[in-house]
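Worksheet for the structure shown next.
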Protein chains: 2
Amino acid sequence: MQGLIDLMAETSTQNPERIAEVLADHGVRPTSQRETVYSSLLQKRDHPTADEVFARVREKAPTISLATVYNCLDVLVQHNLVKAVNFERAPTQYCANLAPHAHFHDEEGRTLDIDMPAGMFEQLRGLLPQNFDVKDIEVNFHGRAPKS
Amino acid sequence: MQGLIDLMAETSTQNPERIAEVLADHGVRPTSQRETVYSSLLQKRDHPTADEVFARVREKAPTISLATVYNCLDVLVQHNLVKAVNFERAPTQYCANLAPHAHFHDEEGRTLDIDMPAGMFEQLRGLLPQNFDVKDIEVNFHGRAPKS
DNA sequence: GTTGCGAATTAGAATTATTCTAATTGGGTG
DNA sequence: CACCCAATTAGAATAATTCTAATTCGCAAC
Ligand SMILES: [Mn+2]
Ligand SMILES: [Mn+2]
Ligand SMILES: [Zn+2]
Ligand SMILES: [Zn+2]
């Protein structure tokens, strides 16, 4: 049994048609490279680095360059289709999960999505004075996750 | 009128004697470079980068090297006297505020400490399954702070 | 007081993720 | 078809940090 988000991902993933549509809806001109990069992020819901995305998309787009992968990822981040996740000084990781969530960074290098109940971000926001303009709140856990 | 933390900082700051003691208490051999670096972090409670620390300590220790500044900061972080703070891919910043707190990253580059009420970190911890071993929780706000 | 030791410091080279540059490509429009 | 301009590309440049290998330092043993 699958959650709503997963179903959505699967649907988008399997319709190249829809990928272009989603990009366009977010103001991103759907080039083939952008479609390939975005599609690869939707297909495997982990948190790959630019290099890992590069490796994955080469199969579908053998002539794509690493610079283009960076360009595509930047555009997707700028248009809120993808989130860039940073942990310590490790290479930036990319996340296509648009639901508000936190990240758990395992000591072995895995990065897991952690659901945040609706009120939690508001509660955190409440720690700041009213006259602060908050654009983003980031919650990162670090530790050891069970091996499973 | 000042808070307890500030008083403590001030006291430590003005007694080179005490700085060495604090280092030793935390298992750090108090070399003159480490004392100078740690002292500089206590004196100005902002969030300097390694380069900024380097610039500041040169006055007191004109022969110190940047490599040593990095070494000292690493040792202080390893022994929990200082926290390393990362935001996006900006140079790592260092924070001598040991009270649990969050960070607000201003769009103009300032970094502010945000107090966290006692229960908040526990509440966040509660979002994870019991069998996760959590070593650290990081909360970063991003946005615009009033100019004041 | 000198010597010996291991840790710390140092200068500079190396690393590496990312950004920049400048040339080329290519999809859509007239 | 030709034009346009954004996107793509290969490769060079950048910059924070780490590494390397040599030197210095503080301290204890003698
Ligand atoms: Mn880690
Ligand atoms: Mn910022
Ligand atoms: Zn995520
Ligand atoms: Zn801080």
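A quick note: this is a predicted structure, and the numbers were derived from the prediction, not measured.
- Regarding B:Glu88, its CD atom lies at a distance of 12 Å from the P atom of C:dT18, rounded to whole Å.
- Rounded to a whole Å, the CG atom of B:Leu73 is 15 Å from the P atom of C:dA8.
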Can you give one letter per nucleotide of nucleotides 24-30 of chain C, going 5' to 3': B for a protein heavy atom under 4.0 Å from the base, S for sugar-phosphate only, - for none?
-> -------
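- Note on B:Glu21 versus B:Arg18: salt bridge recorded, some NZ/NE/NH1/NH2 to OD/OE distance being below 4.0 Å.
- Taking atom OH on A:Tyr38 and atom P on D:dA7, their separation rounds to 18 Å, with Å as the unit.
- Relative to the axis of its first five pairs, the axis of the last five pairs of the helix from C:dG1-D:dC30 to C:dG30-D:dC1 sits at 10°, rounded to 10 degrees.
- Between B:Gln33 and D:dC25, a side-chain N or O to OP1/OP2 separation shorter than 4.0 Å is absent.
- For the pair A:Gln78 CD and D:dA7 C1', the interatomic distance rounds to 16 Å; values are reported in whole Å.
- Side-chain contact of A:Glu52 with A:Gln93: a donor-acceptor pair under 3.5 Å is absent, judged by distance alone.
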Along nucleotides 10-19 of chain D, 5' to 3', which nucleotides get a B, which get an S, and which get a -, given that the test is a protein heavy-atom distance under 4.0 Å?
-> B-----SBB-
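- Atoms CZ and CD1, on A:Phe104 and B:Ile137 in that order, are 9.5 Å from each other to the nearest 0.5 Å.
- Taking NE2 from B:His142 and CG from A:Asp133, the interatomic distance works out to 10.0 Å, rounded to the nearest 0.5 Å.
- Under a 4.0 Å N-O distance rule, the pair A:Arg144/A:Glu108 qualifies as a salt bridge.
- Heavy atoms of A:Thr31 sit under 4.0 angstrom from primed sugar atoms or phosphate atoms, though from no base atom.
- Judged by distance alone, the side chains of B:Thr68 and B:Ser65 do bring a donor and an acceptor atom under 3.5 Å apart.
- Expressed to the nearest 0.5 Å, how far OH of B:Tyr38 lies from OH of B:Tyr94 amounts to 15.5 Å.
- Taking 4.0 Å as the cut-off between side-chain N and carboxylate O, B:Asp136 and B:Lys83 count as a salt-bridged pair.
- Taking hydrophobic clusters as Ile, Leu, Val, Met, Phe, Trp and Tyr residues chained together by side-chain heavy-atom distances below 4.5 Å, B:Phe87 does not share a cluster with B:Val85.
- Here the CG-CG distance, from A:Asn140 to A:Asn86, works out to 9.0 Å after rounding to the nearest 0.5 Å.
- The separation between B:His79 atom NE2 and C:dA7 atom C1' is 13 Å, rounded to whole Å.
- Of the N and O atoms on the side chains of B:His103 and B:His101, at least one donor lies less than 3.5 Å from an acceptor on the other residue.
- A:Leu76 has its CG atom 12 Å from the P atom of D:dA7, to the nearest Å.
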